[in-house]
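The next block holds one structure in the form of structure tokens; read it before the comments.
Keep in mind that this is a model prediction, so the values were computed, not measured.
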Amino acid sequence: MTNYGLVIDQERCIGCQTCAVTCKQENNVPMGQFWNRVLTVGGDHIDTPEGSYPEDGESGDLDMQYQPTACQHCENAPCVKVCPVNATYKREDGIVEIDYDKCIGCRYCMAACPYNARVFNWDEPQHRPEEGTGDVEERPQGVVEKCTFCSHRVEEGLDPACAVNCPADARIFGDLDDETSTVSKYVNEYNTEQLLDEKGTDPNTYYVQGEMTPGRTWTSDKLESELDEQPTAEEAGDPDSEKSMQGATADPVWGDD
């Protein structure tokens, strides 16, 4: 059975906020709302480090990291459990979705989510441009909304917009139940952690820390796990090829080992 998940390599993340912006555009997220956020771990403000600057010939200890955060699509999702009208549900492919026709705006799900991943449309949604963006209909006033792993793209065999547009290739999406998928190999071969593991929510989003992964290497009209074969260097260099490759290297990261 398919079980979609996401690996975010925090060693590759450069905090550029592209994932947040492209998510907002792709999913027609209203002004003032974000489904996808990149938090700064360091100083008191965004993009500010903690520690001291080097002075008087001494070494400083400035430190700053980034924490990309959105819906974690938990296996044991507390938002699903508390919804009184079953508007929030987990699909068979592992994606947690919201039925906006059922949502009554009680916001129990927002209180239950330990990741603060949901937003509420207090007012009539406003968009720039006014007709909206992306391929998703706007959600009405009075409902909760959040990341869907770009389910409308996944259903077309495409990766989420945040994974495709990350300039650092820090996001890898795929089938966690397919042991041959890139996302599964990264989870198994690198030091990965689930956010707030102590909450017992068992997220489908994993964070790589410590050793940098090769990142997201392939771009095509299919998910990595659905590629039958690695594209050749010639195909990778052809921008019109369906198997065109993202990045400078033509060497496949995962060979036949």
Side-chain angles (χ1 to χ4, degrees), residues 6 8 10 13-48 64-74 77-80 82-85 87-89 95-154 159-168 170-171 173 195-196 201 203 205 207:
L6 180 70
I8 301 177
Q10 290 182 279
C13 179
I14 57 176
C16 65
Q17 306 284 341
T18 300
C19 54
V21 174
T22 197
C23 166
K24 190 175 180 70
Q25 183 175 38
E26 174 65 30
N27 291 286
N28 201 17
V29 178
M31 298 293 291
Q33 307 278 39
F34 283 93
W35 289 2
N36 205 332
R37 297 166 293 142
V38 182
L39 309 177
T40 299
V41 181
D44 294 331
H45 304 285
I46 187 171
D47 288 336
T48 58
M64 182 175 69
Q65 300 177 40
Y66 294 106
Q67 177 59 58
T69 305
C71 175
Q72 304 288 296
H73 297 276
C74 306
C79 56
V80 173
V82 301
C83 181
V85 293
T88 293
Y89 61 99
I95 297 175
V96 175
E97 285 261 33
I98 300 172
D99 185 335
Y100 300 111
D101 291 330
K102 289 184 177 180
C103 180
I104 58 175
C106 66
R107 306 185 300 283
Y108 287 177
C109 55
M110 295 180 70
C113 175
Y115 308 105
N116 194 25
R118 293 172 168 243
V119 296
F120 182 67
N121 289 339
W122 290 97
D123 302 312
E124 191 69 32
Q126 302 293 320
H127 300 274
R128 298 290 185 277
E130 292 184 358
E131 61 269 25
T133 59
D135 298 319
V136 182
E137 292 185 0
E138 72 170 12
R139 282 67 59 188
Q141 181 180 8
V143 304
V144 173
E145 55 182 74
K146 67 165 194 71
C147 159
T148 65
F149 269 165
C150 284
S151 58
H152 60 291
R153 290 176 54 86
V154 172
D159 285 1
C162 63
V164 173
N165 292 315
C166 175
R171 291 171 174 253
F173 179 81
L195 200 59
L196 301 179
T201 54
T205 300
Y207 294 88

Check: Heavy-atom count around Glu137 CD within 6.0 Å, excluding the residue itself: above 12?
Finding: no
Side-chain contact test, heavy atoms from C-beta onward, threshold under 4.5 Å: evaluate it for [X] versus [Y] and give yes or no.
| X | Y | result |
| --- | --- | --- |
| Leu6 | Pro160 | no |
| Trp35 | Val119 | yes |
| Cys147 | Asn36 | no |
| Thr205 | Phe149 | yes |
| His127 | Pro30 | yes |
| Gln67 | Leu195 | yes |

Check: Restricting to pairs with a member in residues 105-129, which pass salt bridge (Lys or Arg N to Asp or Glu O under 4.0 Å), not counting sequence neighbours?
Finding: none
Next item on the list: Scan residues 20-40 for pairs that pass salt bridge (Lys or Arg N to Asp or Glu O under 4.0 Å), counting only residues two or more places apart or in two chains.
Entry: none
Item checked: Approximate separation, where rounding is to 0.5 Å, of Met64 CE and Thr40 OG1 -> 6.5 Å
Next item on the list: Starting at CD of Gln72, measure out to SG of Cys113 and round the result to the nearest 0.5 Å.
Entry: 8.0 Å
Next item on the list: Just jot down the side-chain contact (heavy atoms from CB on, under 4.5 Å) partners of Val136, sequence neighbours excluded, or say none.
Entry: Asn27, Arg139, His152
Check: For the residue pair Pro68 and Tyr207, what are the closest heavy atoms and their distance?
Finding: O-OH, 2.7 Å
